[in-house]
Each structure stands twice: as structure tokens, then as C-alpha cells.
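Chain naming here is simple, since letters A, B, ... match the order of the sequence lines and numbering starts at 1 in each.
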Amino acid sequence: MTSTLKGITLKGSAEIVAEFFSFGINSILYQRGIYPPETFSRVTHYDMSLQVTTDVKLKNYLTNVVSQLKEWLCECTVQKLVLVITCLETNEVLERWQFDIECDKSAKESSAPREKSLKTIQEEIRSVIRQITASVTFLPLLETPCAFDLLVYTDKDLVVPDKWEESGPQIINQSEEVRLRSFTTSIHKVNSMVAYKRADSV
Amino acid sequence: MDLEDDTTVLTTLKSFNSFISRSQPPQPLPECSGYGGSLQSTYERSMGLLEAAERVNSKNKYFQLDQEKKQMELSHKRARLELEKAASDNARDFKNEVEKNQDLLGRIKRLEERESEASRNLEEQVEANRALRKNLEGLTKKLEERDTRLNTANQTISSLKDEVRVLTQKIQNQDSTLTSQTLEKEELQEQLDLQRRKYQEVSQLCKNLQAAQSSCSEHVIKIKELERRLALQEQDFSIVKNVKSEVARVPDLEKELKRLREENALLRESRENCSLLKEEVEGLRRKLERTEKTIEDLVNMELEKEKLQAWENLGQSTGLSIRKPEDLSREVIQIQQREITLKEQNYTLNSRVRSTERLLSELNSELSQQHSKTLEEQKKREAQDSLVRRLQKRVLLLTKERDGMRSILESYDSELASTEYSPQLNKRVREAEDMLQKIQSHNVEMEVCLELESLKKQQASAADSNVLVTKEEVSILRQKIEDLEAERQRLEEQNNILEMRLERHNLQGDYDPVKTRVLHFKMNPTAVAKQQRQQEMESLQEEVTRLRELVRSLQDGGAQDDGSILTPNLSLSLPPSKEVLDLRKQMESSELKNQRLKEVFQKKIQEFRTVCYVLTGYQIDITTTNQYRLTSVYAEHMDDSLLFKKSSKGSMHLMETEFSKTLGEMVDLHLHHQKSIPAFLSAVTLDLFSRQTTV
């Protein structure tokens with residue numbers, strides 16, 4: 001981890017963003033009830049209490065995805081991370097949590113670390129996660145059993161790793177979009193938004 | 001003691017009071033004596049009283065103190081008594097303890113004596129122990145010495161034995177080596193002999209070889225000579241070949257020679273011709289030169305002729321009377337004068353042109369200034385347009401917020417029936433709408449301002465153009481500006497729409513396939529969940545089909561015999577329900593009952609029939625319905641039987657049989673006259689019985 005004394009390097013920024021995604025995805029899964037709440041345990045991070053899953057398979061999947069994402073963040077080849085929630089009965093996409101990543105390509109491995117205090121970044125991340133939790137108020141209830149998937153939008157010329165394959169964008173039919181807060185580490189900027197299926201069109 | 005003190009105090013107070021009251025009545029008596037000395041008497045009395053009181057008080061106090069002292073003494077005595085008691089007790093205890101002490105001292109002394117004895121014993125024993133230990137040590141030392149000596153002796157023995165063994169081994173080894181060496185020696189001698197023989201053979205071979213070598217060398221020499229000769233012969237051969245080839249070429253060469261000689265002759269002739277031709281050529285060249293010169297003279301002459309003609313023509317062309325060059329010079333002077341005047345005019349015109357150019361440049365500069373001003377105005381306009389755009393965006397966002405709020409409102413309205421929240425929300429909606437209207441009005445004002453500014457600019461540009469440029473250009477420029485502005489607005493609107501669409505699509509998750517690619521993990525939870533769901537569905541469908549078959553089989557099995565069809569299905573299907581089991585049990589039990597009842601009935605019937613046969617003497621059989629055949633015990637033949645038929649009313653009628661024909665009399669008697677079948681039957685039995693017994 002980078003300390004405020006040294007500044008933010010490309011690798012440190014990638015770690016911060018990957019960590020945020022790991023906790024953010026866990027929070028979304030807990031809030032939306034994709035997995036039963038008894039499979040989650042409370043941890044403290046970013047000066048707030050967060051819910052993290054204890055399911056082994058899910059943990060493995062998340063660590064695989066997040067580690068690959070960290071590599072891609074260091075190479076600045078990833079554009080978006082999307083969490084798609086599909087209904088198992090109808091195979092319809094019900095919700096779409098999209099995180100746009102804007103990478104400052106001028107910051108390479110060798111360039112000097114940028115001045116941004118870790119505390120401000122953590123505060124921004126905290127506000128984003130709080131907003132995700134608060135979004136429960138206007139999102140429609142997920143009554144049917146659902147499953148989730150993680151999609152990554154990358155550059156076209158990237159080499160596809162072993163365990164990954166190409167997929168469609170899985171866009172919602174007739175959706176309402178809400179833009180949430182964003183945070184920046186001065187090298188990576190992450191914009192969050194959520195799109196959900198309109199209630200009357202179901 | 002305190003209570004006693006208090007009581008004594010109270011008693012003393014009471015006595016004091018009683019005293020004072022006793023002392024008081026005598027007081028009023030001296031008052032009646034006289035008034036003059038009353039005061040003094042009263043004063044004296046009071047003083048006396050006071051003194052008495054003081055004396056009483058002092059006496060009281062004295063009494064009190066006495067009593068206190070007595071009490072103190074009492075308490076002292078009591079305390080002393082107690083102390084004495086305690087002291088006596090203590091003395092007793094002390095005595096007891098002293099006695100105990102003495103006992104203990106005695107014991108201690110005894111114990112000390114014992115201890116001393118024990119210590120003396122101990123010391124003696126310790127000394128004995130030490131002596132014994134010393135002995136032991138001496139003995140152990142001796143033993144150790146002996147052991148060491150024994151060990152050393154053993155070691156020496158073992159070492160000697162080892163040496164002996166080693167020496168024997170060495171001897172053996174040496175013997176073996178000796179034998180082996182003798183064997184080797186013999187072998188070597190044999191080898192030596194062999195080698196000598198070989199050497200001799202080899203020497204012979206060498207001699208042979210040398211002889212052969214010498215012969216070889218001689219042969220080699222011979223071969224070389226032969227080779228030399230061969231080489232020479234080959235050279236001669238090659239020379240011969242060359243000569244032959246050359247000889248073959250000779251006729252060709254002779255032919256060539258002839259040809260060349262002929263050519264030579266031809267060339268000589270041609271040379272002569274050449275020289276002749278050269279002379280001719282020279283002559284022709286000279287002619288050429290002369291002719292060229294004449295041509296040049298001709299040309300010059302023609303030029304001069306032309307000039308003279310031109311001179312002649314001049315006169316005709318100018319219309320002046322030019323016959324002489326003086327006329328020409330006059331003309332020339334006139335022309336020059338004219339030229340001078342024209343040049344003067346030219347200079348004046350040039351100066352005018354320069355002045356106009358200066359004016360033009362000034363005007364251009366002014367134009368450029370105006371252009372810059374227009375650019376600034378345009379920039380301002382653009383800024384305002386951007387403001388307008390931002391405002392429009394804000395308007396759109398606000399409308400979106402409003403839509404969102406409206407949707408929330410609607411959801412609240414649909415969910416909640418209470419009117420607590422709706423007025424607040426309505427207020428908010430109204431406020432938002434007011435804001436919207438304000439913004440729209442502001443927008444409109446901004447647009448109006450923009451138009452005014454554009455009009456002003458246009459007017460300014462028109463004014464400038466009127467001053468400097470023609471009106472047509474102004475109108476053209478105005479039109480162009482208006483068109484461009486309209487286009488720009490349109491393009492801006494389109495741009496805004498497209499940007500909004502792009503934003504919308506970006507929010508929804510669209511991407512450019514040329515630049516981006518969407519990836520996901522192969523083993524992602526959705527795929528896993530779908531697989532599981534499919535498997536569940538398949539298993540459920542299988543179960544459903546199985547259950548349907550079971551149901552069908554059960555339905556079919558209900559119509560037919562249950563056991564035969566159910567039993568093969570029972571192995572596949574679920575366990576049968578409780579009702580079915582109960583019903584089956586009931587069925588089985590009822591069947592058993594039926595069977596038992598049947599058996600019992602049969603037995604009973606058999607019994608009854610036999611009893612009837614025995615008692616009545618007739619065996620009653622039912623041949624067909626309502627027909628009974630009776631055969632008697634005493635029948636003579638087996639076929640003798642009586643047939644009775646039961647009519648529909650219930651009465652019995654006898655039917656004709658062979659046996660009944662023989663009983664005609666009895667039939668008439670008993671049935672026709674007496675109308676009693678039992679009598680008839682009994683008569684028949686009696687008759688048969690009588691026949692039997694007699695016969």
C-alpha cells in the first residue's frame with residue numbers, strides 16, 4: 001500500500017481501485033440479497049463496517065477476477081467493470097452496476113508518484129459505498145432467485161487470458177439509469193452508475 | 001450505672017424541688033409584716049434564698065459528687081473484683097501453664113537426652129560408615145586395579161592374537177603370491193619362447209619384406225620411366241593432333257587468302273575513286289560557299305528593300321507627307337513631345353493610385369479591426385451559447401430529476417394512502433416547476449439578448465460596410481451570417497441530442513465494437529446457477545414422467561387384479577400410501593373370512609344332510625331348481641327315487657318316476673286323500689323297511 005508520504009504510483013492506484021471493487025461488489029451482493037445474509041461476515045475497512053462473503057467458491061471467483069483486473073489496471077487497458085444481475089427463471093437482466101474507469105495514460109511505471117492524500121481517496125470511496133447502500137431505497141425489489149456476473153470492457157487488441165471468454169454487453173431492455181458518485185486517485189478515475197429495469201415494463 | 005446516676009440525679013432534683021417548695025411557703029409570711037422594709041427584706045430574703053439555693057445546689061452537687069464517688073468506688077470495686085477474678089483466673093491459667101511448661105520442659109529434657117543419645121549413636125554409626133566406606137573404597141580400588149590389569153592383559157592377549165592372525169595371513173598371502181609368481185614365471189617363460197619364435201619369424205618376414213621392397217622400388221622406377229614415355233607420347237600425340245587440325249585449316253586459309261587479295265584489289269580501286277570524289281567534293285563546297293554568300297547578299301538586299309518599302313509605307317501609313325528623313329525626324333520629335341506629355345500624365349496617375357492605395361490600406365486595417373471586433377462578439381456569443389447549452393443541460397437534468405421525483409411521488413401515491421406526504425411533495429413539485437419556468441424565461445431572455453447582440457453586430461457591420469464597402473456586400477454578408485448562425489444552432493441542437501443519446505447509451509452500457517471488447521470469466525456464478533437450474537429441471541422432469549407412469553399404472557391396476565401389477569411397480573415407485581395398505585389388509589382379512597365362512601357352511605350343510613338322511617331315512621338332492629329328489633335308505637335299487645317339484649306358490653308336487661309308479665296305492669292314499677307328504681314318505685319308508693327286513 002502507498003503511504004501519503006510517498007504519493008500514489010500507478011501500481012498503488014491499481015491496488016486501491018481493485019480493493020474498492022472487491023468491497024463494492026461484496027456490498028452490492030449483500031444489499032441486493034443475491035446470496036443469503038448469513039453467508040456474509042462483517043469487517044471494518046475505509047473506517048466503516050462492510051459485509052464480506054464467506055462462501056469459498058464465491059471468494060475464489062472474486063479473487064481471480066480482481067487479480068486479473070489489477071493487472072489490466074496497471075496496463076491501463078480496462079475501460080469498464082460491470083456487475084450484471086440476471087433472473088434465473090426468465091434469463092432476463094434485471095440490474096446493471098457499471099463502473100467506468102478513466103486511466104491517465106501519461107502515468108507510466110517509471111513516472112513520479114502523484115500527490116493525493118490517501119485519506120481523501122478513502123473518504124471519496126466511503127461516500128460511494130454509502131451511496132450504493134442508500135440506493136436500496138429506489139431500486140426495485142428482486143423477488144425471484146438471481147445470479148450475478150462480472151463483465152470487463154477492455155481494449156480490442158488485448159490478449160484474452162485462459163479462463164476468460166468474450167461475451168455480450170447484456171444491456172437491460174427499457175432501463176432507468178441513475179448516476180452515482182465517482183472517486184479518483186489522480187491516476188485512475190472511477191465513475192459509478194446503476195441501471196435497473198423499469199417496474200411497469202416487467 | 002448511668003441509669004442509676006440519672007435516677008439519683010432525678011431523686012436529688014426532686015428533693016431539691018421539694019426543698020425549694022418547702023422553703024417557699026415561709027417566704028410570703030415575711031411579706032405581710034411591712035412594706036417599708038419589704039424591699040429590703042425581700043432582697044434579703046431573695047439573697048438568703050439564693051444563698052440557700054446555692055447551698056442546696058452545692059449540697060446537691062456534693063451529694064451528686066458523693067454519689068458519683070460512691071458509684072465510682074462501686075465500679076472500682078466491681079472492676080477490682082473482676083480484675084481479681086481475672087487475676088485469679090489468670091493466676092490459675094498461669095499455674096496451669098506453668099505446670100504444662102514444666103511438663104513440657106521435662107519432656108524436652110527427656111527428648112534432648114534421647115536426641116543426644118541418638119546423635120551419639122548417629123556419630124558412632126557415621127564413623128562406622130566412614131570406616132566401612134574407606135574399606136570399600138580400598139577394596140574397590142584394588143578391584144579396579146585388578147580389573148585394569150586384567151583388561152590390559154586381555155588387550156595384550158587380543159593384540160597378540162590379532163598379530164598372530166595377521167602374521168599367519170601374511171604367511172598365507174606370501175605363499176599364495178609365491179605360487180602365483182612361479183606360475184607367472186612359467187607363463188612368462190612360455191611367452192618368451194613364443195616371442196622368440198615370433199621374432200625369428202618376424203625377422204624372416206622382414207628380410208622378405210626388404211627384398212620385396214627393393215623389387216618394389218625397382219618396379220617403381222620402371223613405372224616412372226614408362227610414365228615419362230607415356231607423357232611424351234601423349235604430347236607427341238597432341239602435337240600431331242594440332243598439326244592435323246592446322247593442316248585441315250590450310251585449304252580454308254587459302255580460300256581466305258584469295259578473298260582477301262580480291263578485296264585488296266577492290267579497295268585500291270575504291271581508293272582511287274575516293275580521291276576523285278574528294279576533289280569533286282571540294283569543288284562543290286566552294287560553289288556552296290559562293291552561293292551562300294550570294295544568298296546573304298540577297299537577304300540583305302531584301303531587308304534593305306523592305307526597309308525602303310517600309311519607309312515608303314510609313315509615309316502612306318502615317319498619312320503624313322514623309323518623303324525625306326527630315327520629315328521623319330520632325331515626326332519623331334513630335335512623337336517624343338507627345339511621349340513626354342503622356343509620361344507626365346502617367347506620373348500624376350501613379351500618384352493618385354498611391355494615394356488611393358494608402359486609403360485602401362487604411363480601410364483594410366479598419367476592416368480588420370471590425371473583423372476582430374466581430375470575432376470577439378462571436379466569441380461572446382459562443383460563450384453565451386455555451387451558457388445556453390449548459391442551461392439546457394441543466395434543464396434536462398432538472399426535468400430528469402423532476403421525472404424521477406414524479407416517479408417517486410407516483411410510487412408513494414400508489415403505496416401510501418395517507419395525505420401527510422403528498423402536500424409536501426406537491427409543494428416540491430411546484431417549486432421545481434417554478435424553477436424550470438424561471439430557467440426557461442431566463443433562457444428566453446438570453447436568447448433575446450443574443451439576437452439583439454447579433455442584430456447590433458449586424459448593424460455595426462452594416463454601418464461600417466456602408467461607410468466603406470458597397471451595400472450589396474453587406475446584405476450578402478448578413479445573409480451568410482444568418483445562414484451560418486441558423487446552421488450552427490441546428491448543429492448545436494443536433495450535437496446536444498447526440499451527446500445526450502451517447503450519454504444515455506453509455507449509461508446503458510453500449511460500447512464501440514471496434515475499440516472495446518467485453519470479457520467475462522468462463523466459470524461465472526450466473527453460468528453455474530443456470531447449469532444447476534437446468535439439472536434441477538431435468539431431474540424434476542424425469543421425476544414427473546416417472547410419477548405419471550406410476551399414476552397411470554395405479555389407475556390401470558385398480559381395474560384389474562391389484563397384486564400382479566402393483567408388485568412390479570412397487571419396486572420402482574414410491575412406497576404406497578397408508579390408505580392403500582389399510583384397504584389391502586381389509587381385503588385380505590375379508591377374503592379370509594369368506595373362505596372360512598364357506599368352509600364352515602359346507603361342513604354344517606354336510607352334517608345337516610347326513611343327520612337328515614339318518615333321521616328321516618331319505619337323502620334329499622336338488623337336481624334342478626325347485627326339483628328335489630329323494631332316495632330312501634332302504635331303497636332296493638339305486639335308481640329308486642321320488643321327485644318332488646316346488647311350484648311357484650310354494651307347494652310341493654310329486655312327479656312321476658318309475659319308483660313312484662310302484663307306489664300308486666300309497667300315493668292315492670296319502671297324497672290324494674290325506675294330502676300329507678310326510679305321511680306318504682313315512683309309509684314308503686315303512687314299506688321299504690318291511691320289505692328289507694323280511695327279505
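Annotation for B/Q534: atom CD does not count as buried by contact number, only 12 or fewer foreign heavy atoms lying within 6.0 Å.
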Side-chain polar contacts of residues 433-451 of chain B - donor-acceptor pairs under 3.5 angstrom, sequence neighbours left out - could you list them?
unit_1, atom_1, unit_2, atom_2, d
B/E433, OE2, B/R406, NH2, 3.2
B/S441, OG, B/Q437, O, 3.2
B/S441, OG, B/K438, O, 2.5

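In this structure, no portion of A/Y196 lies under 4.5 Å from any heavy atom of chain B. For A/L88, the parts lying near chain B are the backbone and the side chain together; criterion is any non-hydrogen pair under 4.5 Å. Contacts of A/E166 with chain B are made by both backbone and side-chain atoms, with heavy-atom separations under 4.5 Å. Contact annotation for A/E165: both backbone and side-chain heavy atoms come within less than 4.5 Å of a heavy atom of chain B. Looking at A/E89, both its backbone and its side chain come within 4.5 Å of chain B, counting heavy atoms on both sides. Heavy atoms closer than 4.5 Å to chain A are found nowhere in B/E410, neither backbone nor side chain. For a residue to count as touching a neighbouring chain, one of its non-hydrogen atoms must lie under 4.5 Å from one of that chain's; by this rule A/F138 does not touch chain B. Residue A/K57: no heavy atom, backbone or side chain, is found under 4.5 Å from chain B.
Disulfide status for A/C146 with A/C87: absent, SG atoms not under 2.5 Å apart.
Under the 4.5 Å side-chain criterion, counting only non-hydrogen atoms from C-beta, A/K197 is not in contact with A/E95.
Of all residues in residues 385-400 of chain B, none places a non-hydrogen atom less than 4.5 angstrom from a non-hydrogen atom of chain A. Applying a 4.5 Å heavy-atom cutoff, the residues of residues 520-530 of chain B that approach chain A are B/H520, B/F521, B/K522, B/M523, B/N524, B/P525, B/T526, B/A529, B/K530.
The side chain to side chain donor-acceptor pair (under 3.5 Å) test applied to B/R490 returns no partner, not counting sequence neighbours.
We find the NE2-CD distance between B/H371 and B/E376 to be 13.5 Å, quoted to the nearest 0.5 Å.
Across B/K515, B/R533, B/M537, the residue that shares the most heavy-atom pairs under 4.5 angstrom with chain A is B/R533. With respect to chain B, the highest number of heavy-atom pairs below 4.5 Å among A/V84, A/N91, A/V82 belongs to A/N91. Between chain B and the residues A/S167, A/G168, A/S175, A/A195, the most heavy-atom pairs under 4.5 angstrom are made by A/S167.
The side chain to side chain donor-acceptor pair (under 3.5 Å) with A/Q79 is formed by just one residue from the set A/D155, A/T154, A/D100; it is A/D155.
Under a 4.0 Å N-O distance rule, the pair A/R96/A/E177 does not qualify as a salt bridge.
For the 3.5 Å distance criterion, the side chains of A/K59 and A/N64 fail to qualify, holding no donor opposite an acceptor.
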- request: Start with the C-alpha gap between A/F183 and A/F20, add the side-chain angles, then the distance that decides, and say whether ring pair (Phe, Tyr, Trp, His ring centres under 6.0 Å) holds.
  value: CA-CA 10 Å; A/F183 77 93; A/F20 159 71; 4.8 Å; yes

